[in-house]
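Working notes for the structure below.
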Amino acid sequence: MKDADLKKILVALAGLSTLLLLLVMAAIFSVVFLYFPPVGRSLENSESIEKFEILSDEIQNGFHVETGFVEGEGLQLVIANCTNCHSAKLVTQNRFTKEGWTNVIRWMQETQGLWDLGNNEEVIVAYLAKYYAPEARGRRKALQVEWYDLE
Amino acid sequence: MKKGKGKQRRAFIKNSAYSILASLVGMEIVFANKMPVGYEPIIFQEKESLKSLGKEASLTVLNDKPWNVETPVHLLDDQVTPASKMFIRNNGLLPDRIKLEDWTLTLQGESVKSTKTYSMSDIKDKFRHYSYHLVLECGGNGRGEFYPPTEGNQWGVGAVSCAKWTGIRLKDLLQDVGINNDAVYIGYHGLDSHLSGDPNKEAISRGIPLWKALQEETLLAFALNDEELPLAHGFPLRLVAGGFPASASGKWLKALSVRNKVHDGSKMESPSYRIPISPIEPGSSVDEDNMRIIESMPVRSIITYPKSGAQLPFGRKLNIRGHAWAGEEAVKQVEYSIDFGSTWQLCNLEKPINRLAWQHFSATIEFPIKGYYEVWVKAIDMKGVSQPMVVPAWNPKGYLNNACHRIAVKLT
């Protein structure tokens, strides 16, 4: 092999690896950028969100697998607007009427930075009041017991 | 709303980053362009776990963002609660583990003589260290039983702990910095961030009245059970005001404000950590001026052994044990009943190891015939105030349910 050929091959190789390197760096950069947004997780431009799906929409036994929300009309809107700050668990632990859910939303809007939900509010509140409604119970419930033999 | 050029560019880069990442994770992010700038979808957020927080897997996770973790009551059997079993009530996101060299505590506010900053070695070297066993109980402990339901984490009875805290007395620090005569309240500021990510919002910034700040047992703690303070419980320094709702005991401290009025930080406002002054009908709304800040927690007791649901052969005696506490008060007496409160028997009750620590009780029970029983337990404080049998006064946020604890037992 001539020296000139070798040189050509080397140059080509160098070119290729530079390209590869650039690609890898671009990928790393975008990932890093995503994890550490330059402004922190600020709230600017938080217009009401239309609808987006960030999680898989797998439903099992009537529950959305990744969040634990009940399947029903408005589920997507609830996932999109109610799992950004806290997990769905804070929502699903609670039980309110329409009025009660609206009060929680107002409280979060006034004090916790929740955005205006626009026309979606009605659907969201209807979903919550339907699937997470209070069940009447007395002043004290019967004990829920799992029996075991005491050693 | 018109976006600035910078924001547009950022949004563009971010959107393309999302599409790259979406292809990496092999999943489409529908409507990614509609996501507010800066919001990370859950799948991209870093995973903390019970284990990474140093907690036993048997604790109950009420919420994992923010972390709210309850101790099943039978796991509170230790006289001194180990860190691995201690409940967590966080209002915001955990701060990163800060380097001690980079950390300082600033004393500030209208009623401080002059603003002053302390390093950890200032705190540890300049002041005497004290250790106390102190009850920390969430103001919402027991919330899950209120009807109509009240908002927040639906705690059972296990949002409580009593561990050994070591640190310096807050009053020694206040004396060192110097406070004015008009000082009435100490507010705390922590390193945790607000759930919305808004850096101008504090997740929680509550505090204590000056009289509580000046108590001997009120600590700025750097150790828990003789170990360095865990991140989940406020590393590197936290306030511990035993007997008050635990939200008064700020974690991950970065500053304390000496105030000439009641502190007005996040979650000091009504209805947070407040209850009606004059009693209200369950489910009704309350005027702000009819609400007062919760100070001392009420009298309470828990049976930590046996776990509810014990079956044992008729004829065998049952030993029960547990703890009792009463906020700022001590517990005078603990009684148990196996006939739904018709008759009560005395338990053995130990003295607290120090003021504001819980007290251990025990009893041996003989059952008259076979069958289903509930063991109820009731503590009475030094003022003669005891626990109610049913859920007490309803309040909008579901605080202070100290109804007597019950376990089920079957003699077969």
Side-chain angles (χ1 to χ4, degrees), chain A residues 26-27 29-35 37-47 49-56 66-67 80 83-90 93-97 100 103-104 107-108 111-115 134-141 143-150, chain B residues 1 3 7 10-11 13-14 16-18 20-21 27-32 34-44 61-66 68 145 147-149 151-154 194-199 201 266 269 306-312 318 374 389-391 403 406-408 410:
Chain A
F29 174 76
S30 40
V31 171
V32 166
F33 203 83
L34 196 81
Y35 271 117
V39 285
R41 276 164 277 168
S42 89
L43 266 170
E44 49 190 340
N45 300 339
S46 53
E47 302 114 356
I49 303 175
E50 278 294 302
K51 208 183 214 188
F52 71 90
E53 239 171 87
I54 43 167
L55 308 165
S56 95
E66 286 194 47
T67 60
T83 62
N84 319 64
C85 298
H86 44 70
S87 79
K89 291 191 178 77
L90 191 54
Q93 281 183 64
N94 281 279
R95 297 286 181 276
F96 300 112
T97 57
N103 287 341
V104 177
W107 173 74
M108 283 184 290
T111 63
Q112 308 299 327
L114 173 61
W115 45 85
E135 292 158 30
R137 69 172 114 97
R139 200 75 190 225
R140 266 209 116 167
K141 281 208 286 192
L143 291 174
Q144 308 286 311
V145 191
E146 267 175 56
W147 295 107
Y148 66 96
D149 291 325
L150 185 68
Chain B
M1 197 212 295
K3 291 180 186 174
K7 281 180 197 161
R10 221 158 40 224
I13 298 174
K14 205 165 147 64
S16 42
Y18 270 118
I20 290 174
L21 215 83
M27 198 196 293
E28 200 184 346
I29 305 180
V30 187
F31 299 116
K34 296 276 165 59
M35 221 180 300
V37 174
Y39 267 102
E40 300 169 72
I42 291 172
I43 45 168
F44 300 150
V61 177
L62 299 183
N63 190 1
D64 51 8
K65 188 190 171 197
N68 281 272
E145 273 197 300
Y147 185 82
E151 60 185 70
N153 290 289
Q154 300 297 304
H194 191 268
L195 291 172
S196 67
D198 185 343
K201 275 188 182 303
S266 169
E269 75 284 351
K307 184 179 153 198
S308 183
Q311 296 184 115
L312 60 160
L318 178 68
E374 289 180 9
M389 301 300 103
V390 295
V391 179
R406 310 169 293 169
I407 61 166
K410 207 186 269 181

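A note on names: the letters A, B, ... follow the listed sequences, proteins ahead of strands, and every chain is numbered from 1. Basis for what follows: all heavy atoms, side chains included, without hydrogens, waters or symmetry-related copies.
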Can you give me the closest heavy-atom contact between B:N63 and A:S87, atom names plus distance?
OD1-OG, 2.5 Å
The reported gap from CG in B:N68 to NE2 in A:H86 (rounded to nearest 0.5 angstrom) is 11.0 Å
One pair to check against salt bridge (charged side-chain N to carboxylate O under 4.0 Å, His left out): A:R140 and B:E145. What are the steps and the verdict?
CA-CA 7 Å; A:R140 266 209 116 167; B:E145 273 197 300; 3.1 Å; yes
Pick from B:P149, B:A408, B:A310 with the largest number of heavy-atom pairs that fall under 4.5 Å of chain A
B:A310
Quick one: closest heavy-atom pair of B:Y147 and A:P134, and the distance?
CE1-CB, 4.5 Å
Does any heavy atom of chain A fall under 4.5 Å from the side chain of B:P148, the backbone, both, or neither of them?
neither
Name the region of B:I407, side chain, backbone, both or neither, that has any atom closer than 4.5 Å to a heavy atom of chain A.
backbone
Heavy-atom cut-off 4.5 Å, strictly under: side chain, backbone, both or neither for A:Y148 against chain B?
both
Could you pull out the closest heavy-atom pair between B:H194 and A:Q112, with the gap in Å?
NE2-OE1, 2.6 Å
For B:P306 and A:L150, work out which heavy atoms get closest and say how close.
CB-CD1, 3.9 Å
Measure A:Q144 against the heavy atoms of chain B and call it side chain, backbone, both or neither at under 4.5 Å.
neither
Return the minimal non-hydrogen interatomic distance between A:C85 and B:L195, and the atom names on each side.
O-CD2, 3.5 Å
With a 3.5 Å distance limit and no angle check, can you tell me whether B:K65 reaches the backbone of A:N84 through a side-chain donor-acceptor pair?
yes
Under 3.5 Å, is there a donor-acceptor pair between the side chain of B:Q311 and the main chain of A:W147?
no
Any chance you could measure B:E269, atom CD, to A:T111, atom OG1, to the nearest 0.5 Å?
6.0 Å
Any side-chain heavy-atom pair from A:K89 and B:L62 closer than 4.5 angstrom?
no
For A:E146, is it the side chain, the backbone, both, or neither that has a heavy atom closer than 4.5 Å to a heavy atom of chain B?
backbone
